[in-house]
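Notes follow the structure.
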Amino acid sequence: MSLSQLEGLVCKICNVSQLRQLHAHLVQNSLHHQNQWVSLLINQCTRLRAPPTYTRLIFDSTPHPSIHVFTSMFKYYSFLGNVHSNQVVSLYQRMQCCDDIWLGTFVYPVLIKSSGSAGIAFHAHVLKLGLGSDQYVRNAIMSVYSKYGPVDHAREVFDEMPERTLVDWNNMISGYWKCGNKVEACKLFDMMPEKSVVTWTAMVTGYARMKDLENARRYFDNIPEKNVVSWNAMLSAYAQNGSPEEALRLFEDMMNSGDQPNETTWAIVISACSSCGNSSPANSLVQKLNQKRIHLSYIGKTALLDMYAKRGSLKIAREVFDELGVYKNSVSWNAMISAYARVGNLTSARDLFDKMPERNVVSWNSMISGYAQNGQSALAIDLFKDMTAANDPKPDEVTMVSVISACGHLGALEIGNWAINILAKHRISLSISVHNSLIFLYSKCGSMDDAKRIFNEMKTKDLVSYNTLIAGFAAHGDGMEAVKLMAKMKEESIEPDRVTYTVILTACSHARLLEEGWKVFESIKDPDVDHYACVVDLLGRVGKVDEAKNIVDGMQKEAHAGVYGSLLNASRIHKRIDLGEFAASKLFELEPHNSGNYILLSNMYASAGKWDDVVRVRETMRNAGVKKATGWSWVEYSGKMHKFIAGDRSHELSDGIYRLLAELGRKLRNAGYIADKACVLRDVEEEEKEEMVGTHSEKLAVCFALLVTEAKSVIRVVKNLRVCRDCHTAIKMISKLEGRKIILRDNNRFHHFSDGLCSCGDYW
DNA sequence: ATAGGGTTAG
């Protein structure tokens with residue numbers, strides 16, 4: 001078989017298994033020693049998107065690869081993107097043993113462009129070889145500078161050229177767009193002697209990167225002769241910037257224009273369908289794909305997988321994933337992992353994460369954020385520690401957003417500070433999201449001054465920045481600051497959303513700002529049930545319990561447990577047994593297994609001195625088989641979270657902690673502390689042991705901190721259930737007796753104890 | 001041979 005015969009044959013090959021057969025045939029006849037033939041095969045691997053393991057097998061079975069073979073391999077790797085730049089560099093080291101240097105102008109451009117950021121290192125090398133004046137080499141150098149910066153170096157090369165081709169201009173323009181330099185990009189565009197469809201498309205993409213869809217569209221509409229790539233650029237501009245519906249409308253135009261979609265087009269359109277508001281575009285797209293018997297690339301299939309997952313068909317998504325077989329790349333694995341993580345199936349997500357061959361930063365991010373968003377903050381942080389221990393891949397800003405907010409949820413400021421150091425160490429860019437996560441961290445750790453400082457340092461703030469800081473003020477009972485911040489937000493013309501209204505109403509309610517809160521509530525165009533719950537809480541807290549009931553009765557929407565919960569809590573505070581019993585009866589219908597409702601009702605009776613009813617509620621609760629939720633408290637000490645629960649002795653310092661608790665108990669009683677009767681009754685009933693009275697989790701946590709920390713340091717305790725009155729009283733007194741500042745956080749509210757007082761004011 | 005478009009994480 002001659003080379004030209006082989007060429008004719010390989011062009012007809014349309015899948016990898018045929019390619020595999022041909023390779024086996026060549027090896028059998030020892031033809032794989034002939035480098036031209038191997039080169040041809042590897043080029044076909046690029047065309048057919050053969051998996052890297054197989055392509056590399058062809059290369060590795062070649063005894064003496066020529067520069068041609070190396071070049072084909074570089075081209076293959078560069079086609080796969082920059083994920084394989086390590087292999088490229090190590091191949092380059094092997095290539096230096098070849099002596100046909102005359103091919104330098106042929107191999108260097110593709111080598112430089114396929115080795116990612118390492119390509120910059122070849123600049124000096126090619127100058128030494130005297131290849132600096134070759135237009136292709138120069139072009140590669142320019143493109144690597146424009147990709148990995150500094151773009152000014154690209155410009156120097158550009159300026160030194162005796163004459164510039166159209167390609168050089170285009171390259172330079174996209175270089176400026178990549179680093180966000182709109183001014184220079186536009187300047188060059190206007191200066192250009194002639195433009196091509198590539199130039200115009202680069203402008204469309206550039207404006208899309210700046211999220212300026214109007215200008216992107218303006219340039220797109222001006223393209224004299226559009227091609228698939230220009231359509232794709234505009235389609236993805238819409239799809240990537242939150243306008244999937246617009247993308248699909250444009251796709252209709254494209255279909256009518258006569259330009260045929262390619263694999264890239266389908267990938268964009270599929271991903272647009274996965275972020276649409278409803279499923280009907282996705283359904284009709286699937287129909288269209290089947291009708292036209294479209295062959296999707298592995299990228300299109302990955303987009304399809306993601307679409308099924310986001311539309312709730314996890315099973316079909318998994319089928320697509322499994323069908324991908326050896327064509328799975330890290331993106332497909334990541335898409336499947338995040339699909340599982342999104343629905344809270346962390347076991348399956350972790351299973352894939354552990355199995356996947358090459359984890360990149362997105363894989364780690366998907367898994368870490370999966371834990372973080374499903375309430376597993378500690379696991380998120382543990383996994384992040386594994387990531388930093390491996391030191392590969394390096395964390396990026398997405399990683400840090402998840403990790404920092406996980407620290408916030410736990411109230412882990414020490415670990416949070418360690419994470420902040422990592423930000424500096426890896427020079428991770430402080431995006432708006434990172435700033436927002438820092439505001440969240442400091443708010444949740446009780447450092448509102450730091451939260452405010454971060455907020456004020458931000459050049460651009462978004463809706464989330466405002467919402468997070470307002471939520472911080474709400475949790476700290478600082479209603480006026482919250483109201484002021486909402487006014488400022490309107491000045492900056494950032495529109496409040498439903499979250500803003502929820503947190504601002506919470507803030508007003510905690511600070512008992514009736515007038516301000518009511519004004520906010522009245523300004524909400526279409527309040528949802530959460531807002532009703534907040535306003536009922538607001539009215540109830542200040543004593544307008546009947547008005548609160550009227551709101552509930554007059555609601556346009558069906559009340560949920562939060563609404564009745566607010567009403568019950570208000571009835572407890574103001575001893576309105578009649579309303580409390582009404583609210584509780586509704587709650588027992590809506591949430592028969594929520595122990596909190598029984599406790600609230602029982603505490604209402606307790607505060608009214610109706611002890612018989614207290615006992616009766618406890619009995620009902622026991623008979624209904626409702627178990628009290630476990631009220632963990634935890635303290636961070638020396639980078640670790642120490643967890644406590646009432647009566648538990650599993651902590652290694654338990655003996656010391658209980659001894660200190662008993663000692664403190666004596667001191668407190670001498671100072672006039674009387675254990676809350678409701679607590680006594682509850683503890684005796686549940687633990688059946690007198691000695692257990694007072695071993696609430698938050699007291700254990702405080703004692704632990706007193707035992708291990710320095711005398712002047714602030715104690716920070718987080719509790720995952722509402723703090724009871726008994727603990728509140730006890731801790732107030734402890735702060736005075738021990739001269740300590742104690743910050744206690746329950747789910748969403750802060751208590752700053754100092755010198756026998758609490759910042760929240762006594763709200764029992 | 002060189003320039004413009006694609007999937008995943010927050």
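Excluded from the calculations below are hydrogen atoms, water molecules and symmetry mates; all remaining heavy atoms, backbone and side chain alike, are included.
Residue-level contact check: A/V361 touches neither bases nor backbone, having no heavy atom under 4.0 Å from any strand. A/S433 comes within contact range of no nucleotide atom at all, as no heavy-atom separation falls under 4.0 Å. Here A/I299 lies in heavy-atom contact (under 4.0 Å) with a base. The residue A/S366 sits close only to the backbone: its heavy atoms come under 4.0 Å of sugar-phosphate atoms, none of a base. Residue A/N227 is in base contact, counting any heavy-atom pair closer than 4.0 Å across all strands shown. Among the heavy atoms of the strands lying under 4.0 Å from A/E397 is at least one base atom, whether or not backbone atoms are also near.
The side chain of A/V401 lies closest to B/dG10 when the candidates are B/dA9, B/dG10, B/dG6. Residue A/D306 has its side chain nearest to B/dT7 when only B/dT7, B/dA1, B/dG5 are considered. When distances are taken from the side chain of A/V398 to each of B/dG10, B/dT2, B/dG5, the shortest belongs to B/dG10. Side-chain atoms of A/V362 lie closest to B/dA9 of the nucleotides B/dG5, B/dA9, B/dT7. Among B/dA9, B/dG4, B/dG6, the nucleotide with an atom closest to any side-chain atom of A/S236 is B/dG6. The listed nucleotides are B/dG4, B/dT2, B/dG10; the one nearest the side chain of A/Q373 is B/dG10. Taking the side chain of A/T264 as heavy atoms from C-beta on, and the options B/dG6, B/dT8, B/dA1, the nearest nucleotide is B/dG6. Taking the side chain of A/T302 as heavy atoms from C-beta on, and the options B/dT8, B/dT7, B/dG4, the nearest nucleotide is B/dT7. Considering only the side chain of A/S174, B/dG4 comes nearest among B/dA1, B/dG4, B/dT2.
The phosphate of B/dA9 has neither OP1 nor OP2 within less than 4.0 Å of any side-chain N or O from A/S369. OP1 or OP2 of B/dA9 sits under 4.0 Å from a side-chain N or O of A/R342. The side chain of A/K178 contributes an N or O atom lying less than 4.0 Å from OP1 or OP2 of B/dG4.
Salt bridge A/K187/A/E184: present, at least one basic N to carboxylate O contact under 4.0 Å.
Cation-pi geometry between A/K182 and A/W177 is not satisfied (NZ or CZ under 6.0 Å from the ring centre, within 45° of the ring normal). Relative to the ring axis of A/Y298, A/K328 does not place its NZ or CZ within 45° and under 6.0 Å from the centre.
Residue-to-nucleotide contacts include a donor-acceptor pair under 3.5 Å from the side chain of A/N262 to the base of B/dG5. For B/dG6, its base sits under 3.5 Å from the side chain of A/S297 at one donor and acceptor pair at least.
Ring geometry, A/Y219 versus A/W200: the interplanar angle falls from 30° to 60°, so the pair is classed tilted. Aromatic ring orientation, A/Y92 versus A/Y108: perpendicular (interplanar angle above 60°, classes split at 30° and 60°).
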Test A/K288 against A/E252 for salt bridge (Lys or Arg N to Asp or Glu O under 4.0 Å), laying out the working first. CA-CA 12 Å; A/K288 200 177 282 175; A/E252 289 296 314; 3.8 Å; yes

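Between the C1' atom of B/dG6 and the NE2 atom of A/H295 lies a distance of 15 Å, rounded to the nearest Å. In this structure, CG of A/N232 is placed 10 Å from P of B/dG5, rounded to the nearest angstrom. The separation between A/Q240 atom CD and B/dG6 atom P is 7 Å, rounded to whole Å. Atom CG of A/N170 and atom C1' of B/dG4 are 8 Å apart (whole Å). In this structure, A/M307 places its CE atom 16 Å from C1' of B/dT8, rounding to the nearest Å. Atom P of nucleotide B/dG5 and atom CH2 of A/W200 are separated by 17 Å, given to the nearest angstrom. One interatomic measurement links the two molecules: CE of A/M367 to P of B/dA9, which rounds to 14 Å at whole-angstrom precision.
Ring centroids of A/F440 and A/H409 are separated by less than 6.0 Å, placing the two rings close together.
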